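The basis for the numbers below is simple: all heavy atoms, side chains too, and nothing from hydrogens, waters or symmetry mates. Just so we're clear, the structure is a prediction, and the values are computed from it rather than from any experiment. Letters go in sequence order (proteins before strands), and every chain restarts at 1.
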Number of protein chains: 2
Amino acid sequence: MDSTGNSFTGSYTYTLDAKGRINIPAKMRKALDPASDATFVATRGNDACITLYPATVWKQVEVKLLALDKGKPAIRHYIRNIVRHAEALQYDGQGRVPLPAGLIEYASITKSAEIVGMIDRIEIWNPESLKALETRLTDDSEALENIANEIDI
Amino acid sequence: MDSTGNSFTGSYTYTLDAKGRINIPAKMRKALDPASDATFVATRGNDACITLYPATVWKQVEVKLLALDKGKPAIRHYIRNIVRHAEALQYDGQGRVPLPAGLIEYASITKSAEIVGMIDRIEIWNPESLKALETRLTDDSEALENIANEIDI
DNA sequence: TAGGTTCGTGGGTAGAAGTGGGTAATTATC
DNA sequence: GATAATTACCCACTTCTACCCACGAACCTA
């Protein structure tokens, strides 16, 4: 049934409406594991973007975080800074999720947003930010080639 | 129903009213295990905050504390400092809990308070204290990177 | 190409959520 | 035992949000 095999691919430019909602591309909704119950967990990405994990994938992240030694202050800080910005979002009948204001600000998104598939997760970018990062990293073509050689696709 | 699957996430800035009550965010109330019977156990956090454990989780904390070697003075001290400030709080019809004055003082909370999800527990902070700790620990980015590499989210 | 269906986007509305305050019951104090 | 202080419970108001309906464009199908 799912030709994408439950992985998120492709890139779509959608608009954030006045209420801070954004549409999850239909193909990505179809690729979402039914066990996630139409729900993603949004949080800060490692780059300047919003990351959306399927609920089931996020569960695994939580398990990893809980296993850390909370006796150490640095670890508590690490957990707090991830979980603090995380919020579960279920999309409505039209396939939209309301993005928390804090995350919109973090990713500097205004009206237009680029939704990028990342296999097991989704990233939401300010199109300009993504382009800027892209050109900056593409210049470092040597590093890319090293990775390419390593995995041999 | 609750998509996060009974885990506490996100961060909310709410106000402490004149009676020392604070609202538990609706999403966190929904995430609370029904077996906890609308009850949290509040006590001093490891950091300068108030920690709220769901009643069921607190039970496990007690078990762990009991297992410690009470022959050592330092351990008795540690146990005493957690347990003596612990108080069970059930939220009212409006979803609010009365915070004990001693804990409010410990966390230096006045009017505004930041409620932070920590997966299996909740922390209540003075927003300034949290920000201060954050900038201090974020500076130690090396430690954070080590953790990040270790768990690979 | 024509028609039906899905998809992206906009907006309205009922109900829920956050906040403030009042009253009765309980506890403490003298 | 009477009075004062505290606590628990309820009511009320404002803001926000989840849910619903709607419309045009794009896509697919026959």
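A donor-acceptor pair shorter than 3.5 Å cannot be found between the side chains of A:His85 and A:Asn81.
OP1 or OP2 of C:dC7 lies within a sub-4.0 Å distance of a side-chain N or O belonging to A:Lys30. Distances shown here put every side-chain N or O of B:Thr13 at or beyond 4.0 Å from the OP1 or OP2 atom of C:dG18.
A donor-acceptor contact under 3.5 Å is formed by the side chain of A:Arg21 with the base of C:dG11. At a cut-off of 3.5 angstrom, the base of C:dG18 holds no donor-acceptor pair with the side chain of B:Arg29.
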Would you be so kind as to tabulate the donor-acceptor pairs closer than 3.5 Å made by side chains of residues 52-66 of chain B, with sequence neighbours excluded?
unit_1: B:Thr56; atom_1: OG1; unit_2: B:Ser36; atom_2: OG; d: 3.1
unit_1: B:Trp58; atom_1: NE1; unit_2: B:Glu62; atom_2: OE2; d: 2.8

For residues 104-114 of chain A, please give each side-chain donor-acceptor pair under 3.5 Å, one per line with the distance, not counting sequence neighbours.
unit_1: A:Tyr106; atom_1: OH; unit_2: A:Gly45; atom_2: O; d: 3.1
unit_1: A:Tyr106; atom_1: OH; unit_2: A:Asp47; atom_2: O; d: 3.2
unit_1: A:Lys111; atom_1: NZ; unit_2: A:Leu16; atom_2: O; d: 3.3
unit_1: A:Glu114; atom_1: OE2; unit_2: A:Ser11; atom_2: OG; d: 2.8

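Taking atom CD1 of residue A:Ile22 and atom P of nucleotide C:dC7, one finds them 17 Å apart after rounding to whole Å. Regarding A:Asp17, its CG atom lies at a distance of 9 Å from the C1' atom of C:dG11, rounded to whole Å. Atoms CZ (B:Arg96) and C1' (C:dG20) sit 8 Å apart, rounded to a whole Å.
Interface residues of residues 34-41 of chain B facing DNA chain C, ordered by number: none; criterion, heavy-atom separation under 4.0 Å. Contacts with DNA chain D (heavy atom under 4.0 Å) in residues 100-127 of chain B: none are found.
Counting only distance, with no hydrogens or angles, the side chain of A:Arg29 and the backbone of A:Ile24 share a donor-acceptor pair below 3.5 Å. With hydrogens and angles disregarded, no donor-acceptor distance shorter than 3.5 Å links the side chain of A:Asp37 to the backbone of A:Thr39. Within the 3.5 Å criterion, the main-chain N or O of B:Ile82 finds no donor-acceptor partner in the side chain of B:Arg44.
Applying the salt bridge (Lys or Arg N to Asp or Glu O under 4.0 Å) criterion to A:Glu123, with sequence neighbours excluded, gives no partner residue.
Comparing A:Asp92 and B:Tyr12 by the nucleotide of DNA chain C whose heavy atom lies nearest to each, the residue mapping closer to the 5' end is A:Asp92.
Looking at the side chain of B:Lys19, the nearest of the listed nucleotides C:dG11, C:dA17, C:dG22 is C:dG22. Of the candidates C:dC7, C:dG18, C:dT9, C:dT9 carries the atom nearest the A:Gln94 side chain, counting heavy atoms from C-beta on.
In 5' to 3' order, the nucleotides of DNA chain D bounding all contacts with chain A (an atom under 4.0 Å from a heavy atom) are D:dA18 to D:dA22.
Among all heavy-atom pairs drawn from B:Glu87 and B:Pro100, the shortest one is OE1-CG, 3.7 Å.
In this structure, A:Asn46 places its CG atom where only 12 or fewer heavy-atom neighbours from other residues, nucleotides or ligands lie under 6.0 Å away. At most 12 heavy atoms of other shown residues, nucleotides or ligands fall within 6.0 angstrom of atom NZ in B:Lys131.
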- Message: As a quick check of understanding, evaluate side-chain contact (heavy atoms from CB on, under 4.5 Å) for A:Trp125 and A:Leu133, giving each step before the final call.
- Response: CA-CA 11 Å; A:Trp125 285 84; A:Leu133 182 70; 3.6 Å; yes

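Across all strands shown, A:Asn23 has heavy atoms under 4.0 Å from base atoms, whether or not it also approaches the sugar-phosphate.
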